[in-house]
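Below is one structure, written out as structure tokens, with a few remarks after it.
The model shown is predicted, which means the values in this text are computed figures rather than measured ones.
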Amino acid sequence: MAKYKVVITARSFGKADEKAYDCLREAGCEWIKLEESDGPLEDQLKDAIRDADALIAGLEDIGADIIGQAKRLKVISRYGVGYDKVDLNAAKEKGIQVTITPGANGDSVADLAVALMLDVARNVTIMDSSIKSRSQRRPQGLEMYEKTLGIIGAGRIGQGVGRRCRGFNMKILAYDVFEDPSFKEETGAEYVDLDTLLREADFITVHSPLTEETHNMISSEQFKIMKKDAILVNTARGGVIDEEALYEALKSGEIRGAALDATVDEPPYGSPLMNCENCILTPHAGAGTREASSKMSLMAAQNAVCVLEGKECRFNVAK
């Protein structure tokens with residue numbers, strides 16, 4: 001008989017290889033993986049979580065109503081680094097640990113951020129659509145080479161973008177609470193205040209968590225500061241950018257273009273940004289690589305097992 005029951009909602013968990021499932025199996029876990037094709041995930045989760053010992057969670061909301069259904073839950077192991085959709089207070093009240101997988105998807109997200117910059121700058125998506133609709137267009141683009149990159153949130157992923165962009169011989173500006181001397185020495189990055197970064201950067205990449213302080217940190221006033229040809233990319237969290245203000249900035253030509261892998265509503269089907277040709281929207285797929293899936297799956301499984309076995313998990317955020 002299994003020692004523990006694990007509920008899994010993270011969509012790509014274990015799809016790259018069997019390492020994560022081997023980890024659970026070796027710890028004496030049985031598991032159930034919830035699929036959206038079987039009905040509303042929230043309804044399934046409220047039922048499945050009642051007798052679960054661990055939850056390996058994706059991007060869905062884990063609110064007090066869901067946590068309240070749990071009778072013996074010990075850990076919510078987030079498949080990723082964001083935990084703004086988990087009610088930490090409700091988890092703490094029930095003695096449930098919340099863990100994350102920092103660093104596991106960093107390279108994949110950094111790759112996508114650079115890909116989105118290039119796409120917007122060179123109108124790749126626009127030209128692809130025009131060719132496929134048999135109306136060939138060659139809109140004028142921008143070069144990334146020797147431009148200025150602004151990194152908002154220069155942690156692991158932000159620094160990864162900076163390192164990649166050094167290959168384009170870009171000047172790097174960074175805005176972060178903490179300065180990393182080794183990153184400055186390696187890339188020549190200059191740490192500046194937010195207004196300076198917004199004013200001087202040609203490409204701006206966002207890697208900040210969503211907090212009360214960062215909510216809508218880029219809004220109407222910030223767009224007024226940016227260059228007319230500025231390109232804004234967000235692969236972090238929806239809500240850091242004021243999407244209504246972004247829509248107005250894109251439509252009026254205050255900035256050249258944007259690409260969002262993270263939006264307030266996911267998917268953003270009701271957003272006016274859906275109608276902006278100069279805004280690329282992707283389905284929060286920054287971690288959507290085989291390598292990231294393997295690393296995040298294994299790490300999420302290891303975090304869950306660590307807590308279940310009564311050990312201290314160093315990636316616990318609900319202490």
Can you check whether [Y]'s main-chain N or O pairs, donor with acceptor, with [X]'s side chain at less than 3.5 Å?
| X | Y | value |
| --- | --- | --- |
| Lys85 | Leu59 | yes |
| Ser297 | Gly14 | yes |
| Arg78 | Gly82 | yes |
| Asp242 | Asn216 | no |
| Asp119 | Thr125 | yes |
| Ser133 | Ser129 | yes |
| Asp87 | Ala90 | yes |
| Arg166 | Met170 | yes |
| Ser271 | Leu273 | yes |
| Asp61 | Gly63 | no |

| field | Side-chain touch Ile49/Lys71, heavy atoms, less than 4.5 angstrom | value | no
| query | Hey, are the side chains of Leu197 and Ile204 touching, using non-hydrogen atoms and a 4.5 Å cut-off? | reply | yes
| query | Between Thr9 and Glu60, is a side chain to side chain donor-acceptor pair (under 3.5 Å) present by the stated rule, with each step listed? | reply | CA-CA 8 Å; Thr9 58; Glu60 66 280 348; 2.3 Å; yes
| task | Mind running side chain to side chain donor-acceptor pair (under 3.5 Å) on Asp193 and Thr196 for me, showing each step along the way? | result | CA-CA 5 Å; Asp193 60 74; Thr196 300; 3.0 Å; yes
| For Arg163 and Phe183, what are the C-alpha separation, side-chain angles and deciding distance, and is it a side chain to side chain contact (heavy atoms under 4.5 Å, CB included)? | CA-CA 9 Å; Arg163 292 186 181 96; Phe183 178 60; 4.2 Å; yes
| request: Kindly indicate, with the supporting measurements, whether the criterion side chain to side chain contact (heavy atoms under 4.5 Å, CB included) is fulfilled by Ile280 and Asp261. | output: CA-CA 8 Å; Ile280 294 171; Asp261 187 50; over 6 Å; no
If hydrophobic clusters are built by linking Ile, Leu, Val, Met, Phe, Trp and Tyr wherever their side-chain heavy atoms come under 4.5 Å apart, do [X] and [Y] end up in the same one?
| X | Y | result |
| --- | --- | --- |
| Ile157 | Met299 | no |
| Leu45 | Ile96 | yes |
| Leu173 | Met226 | yes |
| Tyr79 | Leu34 | no |
| Ile241 | Leu194 | yes |

| message | Just to verify, which of Asp176, Thr235, Ile152, Val233 counts as forming a side chain to side chain contact (heavy atoms under 4.5 Å, CB included) with His207? | response | Thr235
| How about Trp31 and Tyr21: are their ring centres within less than 6.0 Å of each other? | yes
| request: Under the side chain to side chain donor-acceptor pair (under 3.5 Å) rule, what do Ser37 and Glu35 come out as? Steps first, then yes or no, please. | output: CA-CA 5 Å; Ser37 58; Glu35 304 287 353; 5.3 Å; no
| task | Provide the closest heavy-atom pair for Gln159 versus Ala154 in the form atom of the first, atom of the second, distance. | result | NE2-O, 3.2 Å
| Looking at OG1 of Thr263 and CD of Glu266, how far apart are the two atoms once the value is rounded to the nearest 0.5 Å? | 4.5 Å
| task | Mind checking the NZ-NZ spacing from Lys147 to Lys171? Nearest 0.5 Å is all I need. | result | 14.0 Å
| Should the pair Lys184-Asp180 be classified as a salt bridge under the 4.0 Å nitrogen-to-oxygen rule? | no
